[in-house]
Amino acid sequence: MRALLVLAFIFAALPLRAEEVIVGLSQNRVSLTVNFEGSEILIFGAVRRELALPEDSTLDVIVAIEGPPQQATIWRKARRAGIWVNTEGQEVRAAPSFYAVASTGPLSEILSADADLTHRISTRLAIFEARTGVDRADPAAFTEALIRIREAEGLYQQREGTVDLQRDTLFSTRLTLPKTIVEGSYAARIFLVRDGDVIDEFETFIDVRKAVLERWLTNLAYDQPFLYGLLALFLAVFFGWGASALFRLLRN
């Protein structure tokens, strides 16, 4: 009996979650086929409340999708003897291969710096820098260069103001995975933000995999390159002979 009273006291002392985010995705699995041209993901959800809707604060929603981390090296070019060459480099140990963030408004206005630092939501903070080059005058410039390059490739996306929030309850947005994405588990994180602070967070995953045939061919090319070459040669001869035989048949 005493144990039950202690548990009741502990639960009563816990802060009440006034608002909680509930999320759904249009698809949790993406197959990379030969003709894959990208995939659009619909993220939708609702806010469940235990208390009345606050009237003196603003609610916002942020959605972030992060691909598997990859190592990257960013080079600074300089002109030497009339030729552009790599002069300085900066390593990044864990840069997301894909990163997209959508929000109800500009991140600088709806998210506090402390909350961003804690949850690493903005693209800049989602990248873990390896500051091995202590002699670099401005190591952050290399990270900014990486962001610009991948934004141009569609691998990094910042879509401020694209989350539609209705009556502070229902929300939805669409994010596109480009055709150049890599295999792996993509984390989809949804943040409920009030007055700049994250009050709730939901995380789910999108599984991106090559289709069966594509995966088999990729593994064969890397693990058994000789057999892969023989298969490619056989297919070339077979289809070449087949096309020639069909052409002769049509002529007759």
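Since the structure is predicted, the reported quantities are computational estimates derived from the model, not experimental observations.
Applying the side chain to side chain contact (heavy atoms under 4.5 Å, CB included) test to L170 and every residue at least two apart in sequence or in another chain returns A46, Q166. Remark: F205 engages S185, A187, E203 in a side chain to side chain contact (heavy atoms under 4.5 Å, CB included) (not counting sequence neighbours).
Two residues are said to be in side-chain contact when any heavy atoms from C-beta on lie closer than 4.5 Å; T118 and V198 fail this criterion. Between I147 and Y99, the closest side-chain pair of non-hydrogen atoms is not below 4.5 Å. Residues T162 and Q157 form no side-chain contact, since every pair of their non-hydrogen atoms from C-beta on lies 4.5 Å or further apart.
Crowding of Q71 atom CD: a count of heavy atoms from other residues, nucleotides or ligands under 6.0 Å not exceeding 12. For R159, the CZ atom is loosely surrounded, since the number of other residues' heavy atoms within 6.0 Å does not exceed 12.
The cluster map of Ile, Leu, Val, Met, Phe, Trp and Tyr, joined by side-chain heavy atoms under 4.5 Å apart, puts V23 and L165 in the same cluster. Note: the hydrophobic cluster containing F44 does not contain V61 (ILVMFWY, side chain heavy atoms under 4.5 Å, direct or indirect links). When hydrophobic clusters are built by joining Ile, Leu, Val, Met, Phe, Trp and Tyr residues whose side-chain heavy atoms come closer than 4.5 Å, directly or via intermediates, L59 is not grouped with I22.
Between the side chain of T176 and the backbone N or O of P178 there is no donor-acceptor pair closer than 3.5 Å. With hydrogens and angles disregarded, a donor-acceptor distance shorter than 3.5 Å links the side chain of D116 to the backbone of I121. Side-chain atoms of D200 never come within 3.5 Å of backbone atoms of L192 as a donor-acceptor pair (strictly under, hydrogens ignored).
The line from CD of E66 to CD1 of I206 is 12.0 Å long, rounded to the nearest 0.5 Å. Annotation: the span from H119 atom NE2 to L111 atom CG amounts to 8.5 Å, rounded to 0.5 Å.
A donor atom on one side chain and an acceptor atom on the other are found under 3.5 Å apart for Q27 and S39.
Taking the six-membered ring for Trp and thresholds of 30 and 60 degrees, Y186 and F98 have ring planes inclined between 30 and 60 degrees apart.
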Determine, step by step, whether I41 and L25 satisfy the side-chain contact (heavy atoms from CB on, under 4.5 Å) criterion, reporting the C-alpha distance in whole Å, the side-chain angles of both residues, the deciding distance to 0.1 Å, and the verdict. CA-CA 7 Å; I41 306 294; L25 274 66; 4.3 Å; yes

